[in-house]
Amino acid sequence: MAALCLSGARRKLPAAAFSSSFGSSRYLSLSPSPAPSQETTTPDPRFLLHHSSSDATPFPDHSPFLRFPEVRLSTLPSGLRVVTQTTPSSATHTASLGVWIDAGSRFEAPGTNGTAHFLEHMIFKGTRRRTARSLEVEIENMGGRLNAYTSREQTTFFADVQSKDVPLAIDVLADILQNSNFPEHAIKRERGVILREMKEVQEQTQEVLFDHLHSAAFHGHPLGDTILGPEENILRISRVDLRQYISTHYTGPRMVISAAGAVNHDEIVNMVGRLFTNFSSDPTTADQLIAANPAVFTGCEVRVEDNEMPLAHFVVTFKGSSWTEPSSIPLMVIQSLLGSWEKNTGIGSCSGSQLARRVGTDDLAHSFMAFNTNYSDTGLFGPSCLYDLSNVLMEEIRRLAFQVSDEEVTRARNQLKSAMLLHIDGSTAVSENNGRQMLTYRRVMPFIEFFARVDAVDAAVVMETARNFIIDKAHFALQDVAVAAMGPIRDLPDSTWFRLRTAA
């Protein structure tokens with residue numbers, strides 16, 4: 001999903017997912033391919049495109065900055081995959097490891113929305129071997145951290161521990177995922193916990209706004225449902241629902257064990273093979289389930305007018321790309337090009353983003369951010385504002401289809417690459433990045449390849465992508481636009497106004 005959000009929200013960096021060898025096409029294919037045994041260190045000539053060609057300035061070799069420890073992958077007979085990236089023991093004595101599952105709220109059965117998130121809570125409430133209390137004490141005694149999160153397409157359980165405690169951490173993860181009891185008293189207590197969590201989420205404007213946006217963009221489809229689910233579902237989700245979700249979706253072929261830091265690949269594989277034995281080997285993949293019920297982008301609108309709110313919050317989104325579509329990386333560059341801005345930073349007219357300069361100079365918003373969200377079969381892309389801001393926003397978005405300079409695209413590419421490198425800081429981030437990429441791309445893309453793909457996106461590619469996703473000139477039709485807005489929004493144009501401004 002790609003879009004621009006205007007309010008006080010902070011930008012969360014997207015996780016990138018990547019593909020196989022380069023083709024002759026300007027859009028590089030992102031089809032999944034086997035994981036490479038090690039990263040190539042030969043710099044792509046495109047890295048040198050924007051450096052001085054003066055004899056006094058030799059071309060630099062980028063490969064030393066993009067040389068990371070080898071990523072190793074093993075697949076067990078059950079279909080469960082184990083991916084590791086070992087950091088030299090001299091650099092760290094800690095490890096991060098977790099289970100990444102190709103299952104989230106979009107896979108819930110009709111009438112059970114909220115089950116995936118409820119299950120995330122219940123996994124920590126005791127097993128046949130460990131009570132909830134003993135599990136907490138065990139983790140605290142080793143100075144570790146055990147956590148989890150649920151998204152619309154993935155669920156993750158992970159631990160950060162000292163290297164000597166890796167075997168114990170794997171044992172804990174295997175135990176809670178295979179032997180949880182789901183006692184009735186704990187289920188009843190957790191209903192109250194989740195309802196309180198729901199109230200907290202409803203007080204976070206950005207969270208509510210993006211839930212409304214999903215509802216508008218994927219109306220009538222599970223991808224448009226919230227992750228927590230409605231209150232009535234939370235009150236009736238049962239042990240049967242939880243066990244049914246696990247048996248259906250927590251299967252070997254849909255799971256990845258990702259470990260990074262002070263870990264040994266062969267030892268991890270042996271421990272996982274010995275402990276993760278009770279999962280189904282059902283070969284049904286998430287892709288097959290998605291193909292049976294694909295998400296359809298709907299040009300709907302959700303408006304919640306509340307004149308008591310101090311600020312209007314608004315998001316407009318166009319249909320974006322899936323993780324593996326060739327246009328996914330150009331859309332990442334466009335997101336970086338649109339940028340973000342916040343009034344209290346004082347950048348304004350000094351920003352590299354033309355949209356940020358116009359918004360800051362004319363004082364049109366308190367803040368804005370561009371976002372690009374990918375899913376397995378679709379995505380969202382866009383921004384957020386009121387009438388004057390809406391005009392500026394659509395003018396700038398339309399400009400991307402017809403007039404973009406090489407200088408601003410180069411700046412956007414550099415910002416994107418820097419953001420990605422800064423995001424992969426520490427074993428937790430590496431483990432998460434590798435686990436997510438294994439689910440989305442079926443491999444871990446080397447950074448040297450990702451950088452080359454980003455550098456292949458020039459001004460012509462940006463304009464072509466913008467025309468396809470924003471103007472849709474190829475089909476001579478108006479683009480569908482989804483809109484979500486909250487607060488004093490009487491002066492906000494409706495979705496038809498935005499659609500009319502996508503005409504070629």
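Just so it is clear, the structure is predicted and the values come from calculations on it, not from any experiment. We count residues from 1, following the sequence as given.
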Check whether the side chains of [X] and [Y] place a donor and an acceptor atom closer than 3.5 Å, and report yes or no.
X: Asn468; Y: Thr465; result: no
X: Thr127; Y: Asp175; result: yes
X: Asp160; Y: Thr428; result: yes
X: Arg436; Y: Asn433; result: no
X: His265; Y: Ser74; result: yes
X: Glu153; Y: Ser376; result: yes
X: Glu197; Y: His117; result: yes

For a side-chain contact (heavy atoms from CB on, under 4.5 Å) check, start with the C-alpha distance between Leu311 and Thr205, then their side-chain angles and the critical distance, and finish with the verdict.
CA-CA 10 Å; Leu311 295 173; Thr205 303; over 6 Å; no

Of Asn113, Val193, Ile194, which is the lone residue that meets side chain to side chain contact (heavy atoms under 4.5 Å, CB included) with Ile234?
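Single side chain to side chain contact (heavy atoms under 4.5 Å, CB included) partner of Ile234 among Asn113, Val193, Ile194: Ile194.
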
Stepwise side-chain contact (heavy atoms from CB on, under 4.5 Å) test for Gln162 and His93:
CA-CA 6 Å; Gln162 298 180 60; His93 297 285; over 6 Å; no

Show your working on side-chain contact (heavy atoms from CB on, under 4.5 Å) between Leu73 and Met438 and close with a plain yes or no.
CA-CA 10 Å; Leu73 170 66; Met438 286 301 303; 3.7 Å; yes

How close do [X] and [Y] get, counting heavy atoms only, and between which atoms?
X: Gln85; Y: Phe68; result: NE2-CB, 3.7 Å
X: Pro326; Y: Pro330; result: O-CD, 3.4 Å
X: Ser328; Y: Ser321; result: CA-OG, 3.2 Å
X: Phe218; Y: Val296; result: CD2-O, 3.8 Å
X: Leu338; Y: Ala370; result: CB-CB, 3.7 Å
X: Ala174; Y: Gln178; result: O-NE2, 3.0 Å

Are Phe210 and Phe371, when compared by the centres of their aromatic rings, separated by less than 6.0 Å?
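Judged by ring-centre distance (under 6.0 Å), Phe210 and Phe371 do meet the cut-off.
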
What's the spacing between [X] [atom1] and [Y] [atom2] if we round to 0.5 Å?
X: Thr155; Y: Ile246; atom1: OG1; atom2: CD1; answer: 10.5 Å
X: Phe279; Y: Ser78; atom1: CZ; atom2: OG; answer: 9.0 Å
X: Leu337; Y: Leu331; atom1: CG; atom2: CG; answer: 12.0 Å
X: Thr248; Y: Asp282; atom1: OG1; atom2: CG; answer: 8.5 Å
X: Lys125; Y: Asn181; atom1: NZ; atom2: CG; answer: 13.0 Å
X: Arg152; Y: Glu108; atom1: CZ; atom2: CD; answer: 10.5 Å

Report yes or no: is the cationic atom of Arg254 (NZ for Lys, CZ for Arg) under 6.0 Å from the centre of the six-membered ring of Phe107, at an angle within 45° of the ring normal?
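So Arg254 does make the cation-pi contact.
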
Do [X] and [Y] have side chains that get closer than 4.5 Å, going by heavy atoms?
X: Phe276; Y: Leu76; value: no
X: Arg106; Y: Leu289; value: no
X: Arg129; Y: Asp171; value: yes
X: Met332; Y: Val454; value: no
X: Leu97; Y: Thr84; value: no
X: Asp306; Y: Met486; value: no
X: Asp287; Y: Asp102; value: no
X: Thr112; Y: Phe118; value: no

Side chain [X], main chain [Y], donor-acceptor under 3.5 Å:
X: Thr298; Y: Ala217; value: yes
X: Glu325; Y: Ser322; value: yes
X: Ser258; Y: Ser431; value: yes
X: Ser180; Y: Ile176; value: yes
X: His221; Y: Asn293; value: yes
X: Arg239; Y: Phe182; value: yes
X: Arg81; Y: Val256; value: no
X: Ser280; Y: Ser247; value: no
X: Thr86; Y: Val263; value: yes
X: Asp225; Y: Ser105; value: no

Salt bridge (charged side-chain N to carboxylate O under 4.0 Å, His left out) contacts in which one or both residues fall within residues 260-275, not counting sequence neighbours
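Passing the test, one end in residues 260-275: Arg72-Asp266.
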
Heavy-atom count around Asn307 CG within 6.0 Å, excluding the residue itself: above 12?
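Result for CG/Asn307: enclosed.
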
Can you confirm whether His219 is buried at NE2, in the sense that more than 12 heavy atoms of other residues, nucleotides or ligands lie under 6.0 Å from that atom?
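Counting other residues, nucleotides and ligands, NE2 of His219 stays at 12 neighbours or fewer.
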
Tell me, with the steps shown, if Phe318 and Ile397 meet side-chain contact (heavy atoms from CB on, under 4.5 Å).
CA-CA 11 Å; Phe318 304 90; Ile397 287 180; 4.0 Å; yes

Salt-bridge test for Glu449 and Arg453: reply yes if a basic N is under 4.0 Å from a carboxylate O, no otherwise.
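Between Arg453 and Glu449 there is a salt bridge, with a charged N closer than 4.0 Å to a carboxylate O.
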
Can Arg303 and Glu301 be counted as an ion pair, charged N to O under 4.0 angstrom?
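The answer is yes: the pair qualifies as a salt bridge.
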
Could you tell me how the ring of Phe450 sits relative to the ring of Phe447: parallel (under 30°), tilted (30 to 60°) or perpendicular (over 60°)?
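Ring orientation, 0 to 90° scale: perpendicular.
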
